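Small disclaimer: the values here were computed from a predicted structure and weren't measured.
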Amino acid sequence: MPARTQLRVGRLSRAHGLKGAIKVELYTDDPARRFVPGARFALQVPTSSKWHGKSIELVELRVYNGSPVAFFAGVDDRTEAESLVKAVLWVEQDPTELPEEPDAWYVHQLAGLEVWRDGARIGRVVRVDALPAQDMLIVEHDGAEVMVPFVSAIVPEVDLRAGRVVVTPPPGLFEELEAEADEAAAADEQVEADAAADADEAGQADAAEAADTEAPADPAKD
């Protein structure tokens, strides 16, 4: 049996009404399959939350004024709903399963892909961080991590079969790190050059002092 992984499919944004309903920010393109009655979600919440380490069962997903609203088993009033606000919903997923849509992928499949820019490999995707505004590709580049906004204008191509993503970052996103690395290398070279110069000067001084010590004294005059 293949190992399982988890997919982030939603975030509970705020309580709705007085009967335990909660508005959901969907992170899935297939809510009709993910959010069905009886579906269970692992909860990502702070360790201080009473929901830490627990899962929750969906009773129903409705749409009010264009916004998805969820009802969960055991969440029967606004107070309980508010205790779940900002919780992230995760589901188990077979990592070998691909989306039904062509040219689609799951977030966990991006980790490890090579990153290419202008026909050259510049790094590797370490992970994907889910931030409030948008997802970020965390790219390992020259020994450092660069945050690349995961939007089509900057990441126009994801090719799972080829094992790579193509990026078209704005000027400075990677160059700043490269400039910092060049500056650090130049600083190291200067330190080494200064040390060598100091050592050379010290050697010359020692040699001069030794010469003075070993020189014969002038003969005494009558």
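Side-chain contact check for His16 versus Phe71: every heavy-atom pair is 4.5 Å or farther apart. Inter-residue side-chain proximity for Pro156 and Thr168 is flagged as met; some heavy-atom pair is nearer than 4.5 Å. Residues Leu12 and Val24 form a side-chain contact, since some pair of their non-hydrogen atoms from C-beta on lies under 4.5 Å apart. Inter-residue side-chain proximity for Val165 and Val148 is flagged as unmet; no heavy-atom pair is nearer than 4.5 Å.
Every side-chain contact (heavy atoms from CB on, under 4.5 Å) that Arg124 has, sequence neighbours left out, goes to Arg121, Val126, Glu140.
With hydrogens and angles disregarded, no donor-acceptor distance shorter than 3.5 Å links the side chain of Arg14 to the backbone of Val85.
In plain terms, the two heavy atoms of Val91 and Arg40 that are nearest each other are CG1-O, 4.0 Å. The two residues Ala15 and Glu82 make their nearest non-hydrogen contact at CB-CG, 3.7 Å. Here the closest heavy-atom approach between residue Pro68 and residue Leu61 is recorded as CB-CD1, 4.1 Å. In this structure, Val59 and Phe72 approach most closely via the heavy-atom pair CG2-C, 3.6 Å. Closest approach of Ala81 to Gly20, counting heavy atoms only: CB-O, 3.7 Å. Closest of all the heavy-atom pairs between Arg164 and Leu113 is N-CD2, 4.0 Å.
Residues Val88 and Val128 do not share a hydrophobic cluster, defined by chaining ILVMFWY side chains whose heavy atoms lie under 4.5 Å apart. By the criterion of side-chain heavy atoms lying less than 4.5 angstrom apart, applied directly or through intervening Ile, Leu, Val, Met, Phe, Trp or Tyr residues, Trp90 is not grouped with Tyr27; the two fall into different hydrophobic clusters. Connection of Val45 to Val75 is established within a shared hydrophobic cluster, with ILVMFWY side chains joined at heavy-atom distances below 4.5 Å, either directly or through further cluster members. Using a 4.5 Å cut-off between side-chain heavy atoms of Ile, Leu, Val, Met, Phe, Trp and Tyr, with links allowed through other members, Val158 and Ile154 fall into the same hydrophobic cluster. No chain of hydrophobic side-chain contacts below 4.5 Å, direct or via other Ile, Leu, Val, Met, Phe, Trp or Tyr residues, connects Leu58 to Val69.
We find the CG-CG distance between Asp135 and Asp129 to be 8.5 Å, quoted to the nearest 0.5 Å. The distance from the CZ atom of Phe35 to the CG atom of Leu26 is 5.5 Å, given to the nearest 0.5 Å. Atom NE2 of His141 is separated from atom CZ of Arg117 by 6.5 Å, given to the nearest 0.5 angstrom. Between atom OG of residue Ser83 and atom CD1 of residue Ile22 there is a gap of 7.0 Å, rounded to the nearest 0.5 Å. Here CG of Leu84 is found 8.5 Å from CG of Leu89. Values are rounded to the nearest 0.5 Å. Here the CG-CE distance, from Leu137 to Met147, works out to 10.0 Å after rounding to the nearest 0.5 Å.
Under 4.0 Å is where a charged nitrogen must lie from a carboxylate oxygen, and between Glu25 and Arg11 at least one such pair does.
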